[in-house]
Protein chains: 2
Amino acid sequence: MSEDKYIEKLFIPVSIGRVSEEVVLQIEAAILDGRLKAGERLPSEREMQSQFGTGRGVIREAIKILKQKGLLEVRKGAKGGAYVRELEVSNVSESLALFLKQHQVSPETLIEFRESMDRTITTLAIARSSVDEKEALLKEALRFKATLLEPDPDLVAAAEIDRNLNIMLARMARNELFEWVMHALQMGFSSHDFALYEDASYRAKAATNWSNTARAISEEEPMKALSFIGLHYALLRQCVDEMNGEAASMVAPFLDDNIEE
Amino acid sequence: MSEDKYIEKLFIPVSIGRVSEEVVLQIEAAILDGRLKAGERLPSEREMQSQFGTGRGVIREAIKILKQKGLLEVRKGAKGGAYVRELEVSNVSESLALFLKQHQVSPETLIEFRESMDRTITTLAIARSSVDEKEALLKEALRFKATLLEPDPDLVAAAEIDRNLNIMLARMARNELFEWVMHALQMGFSSHDFALYEDASYRAKAATNWSNTARAISEEEPMKALSFIGLHYALLRQCVDEMNGEAASMVAPFLDDNIEE
DNA sequence: ACCTACTAATGGTACGACCATTTGAGGGTG
DNA sequence: CACCCTCAAATGGTCGTACCATTAGTAGGT
């Protein structure tokens with residue numbers, strides 16, 4: 001009995017304002033300053049109901065909000081309840097993806113941003129990643145190329161590999177922020193990349209170019225790598241322009257030439 | 001009566017799975033594909049309760065989730081209810097800030113990322129912004145400098161101006177993504193900038209440097225502007241290093257020299 | 001030793017009641 | 001007519017109870 005008071009002094013009864021928000025704030029605070037650590041379990045709803053001195057509905061609403069924020073995970077049944085979760089990038093991604101969805105960002109805007117990030121990431125990755133990582137990247141890029149060059153390529157699998165390549169590269173830059181932002185944007189632009197690989201004429205070039213980029217990185221040739229990245233986005237822009245039916249007047253015609261590795 | 005059926009065919013009764021999630025999905029879908037537009041009001045809780053064929057608690061939990069997502073705004077009283085909201089960057093920012101808070105990103109990581117973004121933003125801003133915008137930026141930078149050079153500067157006001165300068169510059173790049181990401185990161189690194197301005201010895205240099213940057217931008221001198229930006233981050237790194245008590249061995253001592261405009 | 005059936009804990013849902021806040025309409029007064 | 005006051009109605013916010021569904025553990029039987 002008195003143990004309860006000792007152990008669970010976490011929460012205090014609510015008195016002011018919108019009760020459910022107070023509950024959210026108290027739990028969130030407890031998580032953020034470490035009184036509740038990832039994996040730990042919160043008291044049951046009925047328990048918290050009495051600790052906070054409120055109705056159960058309020059507790060449930062608070063839990064739903066924190067669950068939406070990605071801070072809690074809820075399981076039902078015996079030994080169920082609300083468990084503190086380690087925040088994942090996917091929460092930020094979802095939030096950003098929702099925003100992009102409602103705000104209709106143009107392909108060029110996404111391409112431009114991504115190209116800028118990619119250039120920095122590539123430079124950092126060459127300087128900081130291990131030889132093993134560089135080799136792994138090259139190997140994956142070759143697998144990507146092989147997948148796309150088959151007669152009837154599995155585009156879904158290819159998109160998955162492409163996504164993975166981007167994540168690998170971002171991780172090699174040794175800066176989580178690039179990794180997260182790339183991750184968060186992925187949903188937004190994956191559709192465009194997909195278009196690039198759907199068109200057979202672009203497919204081969206883009207695939208070859210990825211492997212060239214990976215090779216330049218593994219050989220620690222930053223200028224070459226950046227050059228290939230420029231080509232990738234030139235191709236992507238041309239492809240998007242064509243899809244929109246716009247005259248690809250600004251795109252160099254010689255991009256149609258074959259690219260050998 | 002029959003009007004009701006016509007007008008409010010928006011939602012259908014829920015049958016499967018976790019009911020509240022179904023409700024969230026239906027309302028979210030209605031918003032995202034435009035059946036519910038920003039500013040419009042959803043039916044009252046009791047109304048939806050009967051439309052969905054569920055209890056009121058479920059509806060309330062769904063609304064709380066959508067409110068947390070930033071899709072709804074709830075007012076109480078007569079004419080109150082859930083109103084569809086235009087998504088704002090601040091939702092993404094909050095989400096990202098929460099993530100950064102839990103993941104303890106090092107100052108260097110933030111600085112590195114931000115410097116990379118700033119360089120691209122500056123280049124784009126010079127190329128794309130109007131003369132008026134450039135002048136406005138310079139004017140604001142001078143106001144910033146004036147604020148910081150006073151005998152007993154108002155650091156809170158200065159921080160506000162600094163934040164505004166960054167947003168202005170990002171907006172001048174004509175790419176919403178840069179604007180949003182800068183916005184989202186602001187909470188994360190504003191604390192470090194603050195440190196830079198608290199130290200009197202750095203304060204003058206940083207303030208002068210901002211105005212130099214703005215001047216270079218308004219004069220459309222990209223190389224100069226990038227040079228000043230490099231200096232800004234060099235100063236910031238030195239300041240952060242000092243605060244951590246680490247020997248600032250990697251920082252050039254000549255940064256201590258006065259910088260004139 | 002294995003399987004089964006039961007029990008307890010816990011989240012999920014429903015219903016009903018009441019409170020607090022806000023808007024707007026009605027009516028009175030200057 | 002214009003202004004102010006009061007009151008009713010709509011609506012979100014909270015509480016309480018009851019019951020259902022799911023899950024983990026346990027006791028008992030084969």
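Chain naming here is simple, since letters A, B, ... match the order of the sequence lines and numbering starts at 1 in each.
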Query raised in the report: Salt-bridged, B/E73 to B/R85, with N to O below 4.0 Å?
Result: no
Report summary line: Here the gap from A/L87 atom CG to B/L100 atom CG, rounded to the nearest 0.5 Å, amounts to 10.0 Å
Requested in this report: Give the nucleotide from the list D/dT14, C/dT22, C/dT10 with an atom nearest to the side chain of B/A78.
Outcome: C/dT22
**Report entry** B/V19 side chain, from C-beta outward: closest of C/dT13, D/dG13, C/dG11
**Finding:** C/dT13
Report summary line: Regarding the side chain of B/R46, the nearest nucleotide among D/dC15, C/dC18, C/dT23 is C/dC18
Query raised in the report: How many Å lie between CD on B/E73 and P on D/dT11, as a whole number?
Result: 17 Å
Query - Partner set under side-chain contact (heavy atoms from CB on, under 4.5 Å) for B/E115, not counting sequence neighbours - result: B/R119, B/Y233, B/R237
Requested in this report: Kindly indicate whether the side chain of B/R18 and the base of C/dG11 share any N or O donor-acceptor pair separated by less than 3.5 Å?
Outcome: no
Query raised in the report: Atom CE of A/M48 and atom P of C/dA9: how far apart are they, to the nearest Å?
Result: 17 Å
Report task. Dump the intermediate steps for side chain to side chain contact (heavy atoms under 4.5 Å, CB included) on B/F178 and B/M172, then the final yes or no. Result -> CA-CA 10 Å; B/F178 288 103; B/M172 287 163 65; over 6 Å; no
Query - N or O in side chain of B/R56 less than 4.0 angstrom from D/dG13 OP1/OP2 - result: no
Query raised in the report: Tell me: CZ of B/F52 to C1' of C/dA14, nearest whole Å?
Result: 16 Å
Requested in this report: To the nearest Å, give me how far apart CD (B/Q49) and C1' (C/dC15) are.
Outcome: 8 Å
Report task. For salt bridge (Lys or Arg N to Asp or Glu O under 4.0 Å), just list the numbers for A/R143 and A/E140, CA-CA rounded to whole Å, side-chain angles, deciding distance to a tenth of an Å, and then say yes or no. Result -> CA-CA 5 Å; A/R143 191 163 76 89; A/E140 188 76 352; 3.1 Å; yes
**Report entry** Nucleic acid contacts - residues 59-67 of chain B versus DNA chain C, non-hydrogen atoms under 4.0 Å
**Finding:** none
Requested in this report: Please state how far atom CD in A/E47 lies from atom P in C/dA9, giving the value in whole angstrom units.
Outcome: 12 Å
Query raised in the report: Among B/K76, B/K64, B/R60, which one satisfies salt bridge (Lys or Arg N to Asp or Glu O under 4.0 Å) with B/E45?
Result: B/R60
Query raised in the report: Across the strands shown, which category fits A/G55 at heavy-atom distances under 4.0 angstrom: base, sugar-phosphate, nothing?
Result: sugar-phosphate
**Report entry** Whole-Å distance separating the NZ atom of A/K76 from the C1' atom of C/dG12
**Finding:** 7 Å
Query - Basic-acidic side-chain contact under 4.0 Å: A/R174, A/E133 - result: yes
Query raised in the report: Over how many whole Å does the gap from A/L72 atom CG to C/dT10 atom P extend?
Result: 16 Å
Report task. With DNA chain C as reference, determine whether B/G77 or A/G80 sits nearer its 5' end, using the nearest nucleotide of each. Result -> A/G80
Report task. Report yes if a donor N or O on one partner sits less than 3.5 Å from an acceptor N or O on the other, where the partners are the side chain of A/R75 and the base of C/dG11; otherwise report no. Result -> no
Report task. Please report, rounded to the nearest Å, how far the C1' atom of C/dA20 is from the CD atom of B/E45. Result -> 14 Å
Report task. Assign A/G81 to base, sugar-phosphate, or nothing according to its heavy-atom contacts below 4.0 angstrom with the strands shown. Result -> sugar-phosphate
